[in-house]
Protein chains: 2
Amino acid sequence: MRDSEKEGAQLPAPGQPEHAGRRQFMLRGTAAAGVLALDGLRGAAAADTAGKAGAAAWTHEQGRPIVSPPYGMPSSYESDVVRRATDLTPTPLSSWSFTPLQDLHGIITPNGLFFERHHAGVPAIDPEQHRLVVHGMVDRPLVLTMDDIMRLPSVSRIHFLECSGNTLTEWKGPKEKTVQGTHGLLSCAEWTGVPLSVIAEQVGLKAGVRWMLAEGADAAVMDRSIPIAKVLDDALLVYAQNGERLRPEQGYPLRLLLPGYEGNMNIKWLRRLKFSEQPFYTREETSKYSDLMPDGKARLFTFDMEAKSVITSPSGGMRLGQPGYREISGLAWSGRGRIRRVDVSVDGGKSWQEARLQAPVLSKCLTRFRMMWNWQGGPAILQSRCIDETGYVQPTLAELVAVRGLNSVYHLNAIQSWGVAQNGEVSNVHA
Amino acid sequence: MRDSEKEGAQLPAPGQPEHAGRRQFMLRGTAAAGVLALDGLRGAAAADTAGKAGAAAWTHEQGRPIVSPPYGMPSSYESDVVRRATDLTPTPLSSWSFTPLQDLHGIITPNGLFFERHHAGVPAIDPEQHRLVVHGMVDRPLVLTMDDIMRLPSVSRIHFLECSGNTLTEWKGPKEKTVQGTHGLLSCAEWTGVPLSVIAEQVGLKAGVRWMLAEGADAAVMDRSIPIAKVLDDALLVYAQNGERLRPEQGYPLRLLLPGYEGNMNIKWLRRLKFSEQPFYTREETSKYSDLMPDGKARLFTFDMEAKSVITSPSGGMRLGQPGYREISGLAWSGRGRIRRVDVSVDGGKSWQEARLQAPVLSKCLTRFRMMWNWQGGPAILQSRCIDETGYVQPTLAELVAVRGLNSVYHLNAIQSWGVAQNGEVSNVHA
């Protein structure tokens with residue numbers, strides 16, 4: 001984990017336009033904070049000053065009692081930090097909602113804000129009644145209860161999940177105003193479940209098995225074909241997310257997790273696995289979730305989510321206050337492994353600086369990157385560009401369109417630009 | 001990260017009483033699952049079988065629409081997975097609630113289930129009004145707004161938090177029935193905030209500074225003295241937890257995080273930091289949160305949470321079903337660094353086997369351990385024992401009491417025993 005050495009509060013080197021040593025950073029950066037002459041005050045007196053500064057009614061009255069509520073919720077001051085639905089679908093039953101990336105920090109997405117994509121709404125499944133059928137080209141077909149599954153050896157892993165349609169509005173011009181709209185079909189959690197390799201060994205795969213069908217118990221009966229190599233590599237039967245059992249909208253009581261693969265393949269409300277020689281060419285992999293190329297042919301089975309990054313702060317819809325130092329922060333990820341490096345530009349890609357990566361940098365997981373920036377008050381164009389451990393470099397939109405054309409819906413992983421105006425307003429631009 | 005090699009589904013070696021190769025494990029372990037003869041059925045027919053097996057009404061009707069609610073909640077089938085308050089305190093304003101460890105998986109605690117300890121209830125603080133005063137032996141005292149703090153360079157780290165009073169009921173005999181009661185003042189999250197070393201550099205510490213006071217804005221005005229070495233090492237000014245802003249009961253909008261130190265020192269609703277030559281000997285570190293020794297003297301400033309582990313499944317209050325293979329799973333942690341190893345016993349400590357540790361094994365973080373166990377149906381006593389990277393071995397209760405006596409309230413980190421009865425009932429025992 002060599003990248004771990006990059007994390008920590010490494011402030012930029014002195015004397016550079018965008019860089020400043022700690023002392024320089026300090027003198028400029030916190031001028032805005034106001035400096036009170038508190039020297040000489042004793043503890044109680046200073047606390048009193050702090051209390052007055054904060055109009056701290058809360059220090060003078062008892063607060064809310066314990067376990068109220070027993071399952072906690074965010075502060076009422078954070079009530080606008082919520083998932084927001086798309087306005088592109090005719091029904092809220094087959095639709096999607098976006099994670100508010102602009103308000104999040106670190107890499108974990110709280111379960112209440114994890115993005116949603118349903119094809120027939122969220123079923124209310126009784127876990128006692130739910131069954132997983134495992135059959136096809138196997139020696140010993142099985143029907144498993146949730147209790148059966150949870151007795152098997154489990155693992156926990158932190159992985160991102162991204163809808164293949166994430167950023168789909170941005171092919172032909174900047175559309176969505178915020179990073180929640182452009183990139184919010186992206187979340188990350190600690191998943192716990194049983195490796196599918198364990199299930200495969202339980203049922204005994206027959207010679208010649210090359211694919212597995214996974215099928216959901218929702219009214220859409222979502223189904224996808226998965227190559228056997230992926231099944232035996234790192235696929236999981238997941239029953240828990242960020243510690244607790246899966247949320248209903250994430251597949252309660254059981255989902256498939258295919259780390260790094262496009263979101264729709266990670267079948268929710270999983271009820272059936274069937275092993276076979278050939279893929280099943282389901283509607284979801286022929287009509288839907290294929291990529292139409294410039295020559296009119298469609299690419300099928302484009303499983304991997306390729307390397308991508310985005311600056312989440314500052315981002316579209318924010319407004320910078322006073323000029324001075326602030327942290328630029330964002331996320332990078334790759335369906336093919338670890339993020340090796342992220343570069344940030346504040347001049348629309350003319351020059352780049354390497355951002356620091358938060359350790360641990362995990363495979364097929366969000367990686368938080370950060371860079372201090374001295375905003376001088378003028379216009380700027382912020383971009384991030386990541387490189388994954390395979391050496392793949394996140395493309396510009398022009399580079400992507402040159403290969404893919406403009407018939408595509410899915411798999412837009414181009415560099416995102418945020419324009420900063422003279423007055424500090426930040427907006428979605430193509431640059 | 002050599003320990004990472006231990007993770008994954010390493011099933012036990014063949015021919016051992018507690019061990020079985022995969023084939024042996026398979027044949028015995030899933031007999032209970034029932035084996036249906038599904039061979040020869042086509043996909044649709046098998047799906048129908050699965051539907052009938054699951055009485056899947058949910059497959060035949062549309063589910064709940066998108067973003068309902070916009071901030072998601074767990075399934076109604078998980079409504080008993082909640083924090084529970086102690087019955088030992090006369091008021092719910094100064095009290096604590098426990099995390100339901102028996103129902104959790106992996107290492108992350110969802111924010112809604114993170115344990116609580118308040119001394120005067122949960123204040124409702126307006127983040128716009130909140131201020132942090134930094135003063136004392138500094139060159140440039142500061143009053144910081146939340147906006148000021150969030151512009152500074154940040155880091156994210158996954159750390160456990162444990163109340164020094166965790167397990168306090170268990171000194172003289174088994175009291176609490178479940179692991180939620182015995183060990184539930186323990187949680188773990190990804191925290192994001194500004195290293196205190198950055199703040200220290202902003203204000204400029206004067207020569208001779210050796211301590212820092214941290215003070216809360218709640219009605220209890222909780223305050224503790226922290227050694228400057230800890231402040232400059234890994235202390236954080238935290239504003240986010242598991243991605244989103246801190247919850248009210250975790251100190252919204254700002255708390256101190258002192259990785260590995262006892263919970264009460266991680267001051268919530270943080271409003272003041274004062275640098276000094278001497279500790280402040282506050283009530284919380286003289287009358288409270290000191291450890292009374294057998295000779296009648298009290299140990300002060302017992303900061304570190306020493307290495308500790310507990311099996312969370314099976315644990316008190318559960319009932320094993322049919323004999324056969326199942327996974328034993330639990331948590332290990334140390335305030336002094338990484339967990340090096342966890343051993344598990346099923347015979348009350350007569351023999352031990354090394355458990356597998358889930359990677360990544362992080363410093364001052366929960367580590368999930370797992371081991372397959374073939375329960376033969378008879379009585380058993382389950383124990384776990386951890387060793388941290390300093391070589392410290394988690395003690396038995398007898399070893400701990402030999403040193404500490406029975407006057408103590410805090411810092412009980414002894415090995416926990418769960419008794420399994422002939423009928424499969426699991427209970428808290430001292431063994």
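Within every chain, numbering begins at 1; the chains are lettered A, B, ... in the order of the sequence lines, protein sequences first and strands thereafter. All of these numbers come straight from a predicted model, not from anything done at the bench.
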Q: Under 4.5 Å heavy-atom distance to chain B, tell me which part of A:A124 shows up: side chain, backbone, both or neither.
A: backbone
Q) Taking the side chain as C-beta and beyond, is there a heavy-atom pair between B:Y77 and A:I125 under 4.5 Å? A) no
Q: Return the minimal non-hydrogen interatomic distance between A:P248 and B:P74, and the atom names on each side.
A: CD-C, 4.0 Å
(Q) Taking the side chain as everything from C-beta on, heavy atoms only, tell me whether B:R370 gets closer than 4.5 Å to A:P153. (A) no
(Q) Please give me the minimum heavy-atom distance between B:L362 and A:P360, naming the atom from each residue. (A) CD2-CG, 4.1 Å
**Q.** A:F114 versus chain B, the contacting section by heavy-atom distance below 4.5 Å
**A.** neither
Q: Just give me the residue among B:P123, B:G106, B:P70, B:G121 that pairs up with chain A most often, heavy atom to heavy atom, under 4.5 Å.
A: B:P70
Q.
Could you check whether any side-chain heavy atom of B:Q62 comes within less than 4.5 Å of a side-chain heavy atom of A:T91, counting everything from C-beta outward?
A. no
Q. Non-hydrogen atoms of chain B under 4.5 Å away: do they reach the side chain of A:I107, the backbone, both or neither?
A. both
Q.
Between A:Y252 and chain B, with a heavy-atom cut-off of 4.5 Å, which part of the residue counts as in contact: side chain, backbone, both or neither?
A. side chain
Q) Roughly how far, to the nearest 0.5 Å, is the CD atom of A:Q241 from the CD1 atom of B:I108? A) 11.5 Å
Q) Closest approach of A:A85 and B:I66, non-hydrogen atoms and distance? A) CB-CG2, 3.9 Å
Q) Tell me, do B:V155 and A:Q358 make a side-chain contact under 4.5 Å, heavy atoms counted? A) yes
Q: Measure the spacing between CE of B:M73 and CG of A:N111 and express it to the nearest 0.5 Å.
A: 11.5 Å
Q: Under 4.5 Å heavy-atom distance to chain A, tell me which part of B:T109 shows up: side chain, backbone, both or neither.
A: backbone
Q) Most heavy-atom pairs under 4.5 angstrom with chain A, which of B:E116, B:Q250, B:R84? A) B:E116
Q. Side chain to side chain donor-acceptor pair (under 3.5 Å) with B:S313: which residues, sequence neighbours excluded?
A. none
**Q.** Structural part of B:S97 lying under 4.5 Å from a heavy atom of chain A
**A.** both
(Q) Does any backbone or side-chain atom of B:N242 lie under 4.5 Å from a heavy atom of chain A? Answer side chain, backbone, both or neither. (A) both
Q. Which value, rounded to the nearest 0.5 Å, describes the distance between B:H105 atom NE2 and A:E244 atom CD?
A. 9.5 Å
Q) Taking every heavy-atom pair that is under 4.5 Å apart, which of B:H118, B:E61, B:R247 has the most such pairs with chain A? A) B:R247
**Q.** Contacting moiety of A:D147, where chain B heavy atoms sit under 4.5 Å
**A.** neither
Q) Are any of the side-chain heavy atoms of A:T192 and B:R368 separated by less than 4.5 Å? A) no
Q: Under 4.5 Å, counting heavy-atom pairs only, tell me which of A:L246, A:T86, A:D126 racks up the most with chain B.
A: A:D126
Q) How far apart are the closest heavy atoms of A:T59 and B:D218, and which atoms are they? A) CG2-O, 3.6 Å
Q. Does A:E190 have any salt bridge (charged side-chain N to carboxylate O under 4.0 Å, His left out) partners at least two apart in sequence or in another chain, and if so, which?
A. none
Q. In terms of heavy-atom pairs under 4.5 Å, which option from B:S276, B:A219, B:G193 contacts chain A the most?
A. B:A219
Q) Just wondering, do A:Q129 and B:W58 contact through their side chains at under 4.5 Å, heavy atoms? A) yes
Q | Non-hydrogen side-chain atoms of A:M150 and B:S329 separated by less than 4.5 Å | A | no
Q: Please report the closest heavy-atom contact between A:G243 and B:P110, naming both atoms and the distance.
A: CA-CD, 4.4 Å
Q. So, B:R83 side chain and A:P69 main chain: donor-acceptor pair closer than 3.5 Å or not?
A. yes
Q: Pick whichever of B:G112, B:S95, B:P65, B:P253 has the most heavy-atom pairs under 4.5 Å with chain A.
A: B:G112
Q | From B:S75 atom OG to A:R245 atom CZ, the distance as rounded to the nearest 0.5 Å | A | 8.5 Å
Q) Among B:D223, B:L104, B:D103, B:T89, which has the most heavy-atom pairs under 4.5 Å with chain A? A) B:L104
Q) Going by heavy atoms in the side chains, are B:E249 and A:R64 under 4.5 Å from each other? A) yes
